[in-house]
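Read the structure below first, then the notes.
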Amino acid sequence: MSDYTQFIDNVKKKTGIDLSLYKEAQMKRRLTSLYEKRKCRDFTEYFELIRSDRSMMDEFLDRMTINVSEFYRNGQRWEVLDKKIIPQLLKQSKTLKCWSAACSTGEEPYSMSMVLSNHMPLREVSILATDLDQGVIEKAKVGLYPDRSLKEVPADVKKKYFTQEGQFYQVKEEVKRSVTFKKHNLLEDSYGSGFDLIVCRNVMIYFTEEAKDQIYSNFAKALKPGGILFVGSTEQIFSPDRYGLESEDTFFYKKL
């Protein structure tokens with residue numbers, strides 16, 4: 001057994017996270033650079049370090065989860081969500097159960113909240129936002145972002161829902177109150193049910209085909225009939241029917 005295979009096994013026992021479901025070349029490269037930075041000789045030595053040092057474990061989890069996000073990422077898709085998808089969902093139900101999965105530092109669920117506020121009072125908006133990494137969840141709860149994260153935010157939305165603080169922008173409390181953050185592992189934990197809208201973007205590219213298949217199946221089960229899954233711009237599902245989904249628009253899939 002290679003030291004990396006043993007490392008995967010040890011990490012799964014310690015954290016419940018199964019690294020074998022992530023693309024090996026990418027994950028190995030990322031973690032090798034991390035253990036070299038920490039002056040470890042191999043994965044065996046590195047596991048001993050993260051096992052015995054909480055800050056090193058936090059750093060490992062942070063590196064393992066890719067946290068690159070911004071508000072209204074790929075703006076045209078958010079316009080489709082606003083103008084087409086949400087009005088369609090509201091014809092089925094007056095209140096919407098929404099989930100931002102693998103939400104990273106919060107830009108995505110807060111964007112969802114702002115878009116939904118075009119269709120209902122913000123006090124009626126309720127979004128579940130989850131991520132594997134407790135560290136990014138804590139950052140998301142603070143809701144403070146650099147200017148570059150807001151480059152696609154419409155000017156009126158920026159004015160209405162953000163307060164500028166020096167070089168940063170603070171999400172207003174009324175938006176923060178509409179989002180509930182929780183820790184969740186897409187590969188291990190249960191998914192819940194009855195969702196009208198699930199948004200999971202720009203994370204599937206890091207998973208193996210086996211893991212993607214498992215996650216898409218679970219998302220489909222978690223949606224109510226007519227519910228929508230919104231995926232990232234590099235994550236088109238080529239055979240949505242195998243999950244009981246059909247294409248509703250580019251990167252939007254409806255449960256049959």
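All heavy atoms count here, side chains included; hydrogens, waters and symmetry mates do not.
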Does a donor on one side chain sit under 3.5 Å from an acceptor on the other, for [X] and [Y]?
X: Y46; Y: D3; answer: no
X: N74; Y: R201; answer: yes
X: S233; Y: E235; answer: no
X: Q170; Y: Q164; answer: no
X: Y161; Y: S117; answer: yes

Do you know which two heavy atoms are closest between [X] and [Y], and how far apart they sit?
X: K221; Y: K255; answer: O-NZ, 3.7 Å
X: S113; Y: V175; answer: OG-CG1, 3.8 Å
X: P240; Y: Y253; answer: CB-CD2, 3.8 Å
X: V125; Y: M120; answer: CG2-CG, 3.7 Å
X: I50; Y: M56; answer: CG2-O, 3.7 Å
X: L122; Y: S178; answer: O-CB, 4.3 Å

Can you tell me if [X] uses its side chain to pair, donor with acceptor, with the backbone of [Y] under 3.5 Å?
X: Q214; Y: L187; value: yes
X: T32; Y: R29; value: no
X: K172; Y: T163; value: no
X: S239; Y: R242; value: no
X: S111; Y: Y72; value: yes
X: E45; Y: F47; value: no
X: K97; Y: S193; value: yes
X: Y191; Y: L186; value: yes

[atom1]-[atom2] distance between [X] and [Y], expressed to the nearest 0.5 angstrom:
X: R73; Y: N202; atom1: CZ; atom2: CG; result: 4.0 Å
X: S33; Y: K37; atom1: OG; atom2: NZ; result: 8.0 Å
X: M27; Y: F207; atom1: CE; atom2: CZ; result: 8.5 Å
X: I198; Y: C98; atom1: CD1; atom2: SG; result: 10.0 Å

Exercise for review: Mind running side-chain hydrogen bond (donor to acceptor under 3.5 Å, both in side chains) on S149 and E70 for me, showing each step along the way?
Suggested key: CA-CA 4 Å; S149 295; E70 59 191 51; over 6 Å; no
Does the side chain of [X] reach to within under 4.5 Å of the side chain of [Y], using non-hydrogen atoms?
X: C40; Y: L49; answer: yes
X: F7; Y: T44; answer: no
X: E107; Y: M112; answer: no
X: F181; Y: P109; answer: yes
X: D147; Y: Y169; answer: yes

Check your understanding: Going by an N to O cut-off under 4.0 Å, is there a salt bridge joining E138 and K141?
Key -> yes
Review point. Do D156 and K160 sit within salt-bridge range, that is, some charged N less than 4.0 Å from a carboxylate O?
Key: no
**Study point:** Within 6.0 angstrom of E210 CD, more than 12 heavy atoms from elsewhere
**Key:** no
Exercise for review: Please list, chain by chain and in numerical order, all residues satisfying side-chain hydrogen bond (donor to acceptor under 3.5 Å, both in side chains) with D82, sequence neighbours excluded.
Suggested key: N118, H119
Check your understanding: Linking I/L/V/M/F/W/Y whenever their side-chain heavy atoms sit closer than 4.5 Å, directly or via other members, would F71 and L197 fall into one cluster?
Key -> yes
Review point. Can you name the residues that form a side-chain contact (heavy atoms from CB on, under 4.5 Å) with K224, not counting sequence neighbours?
Key: S93, D196
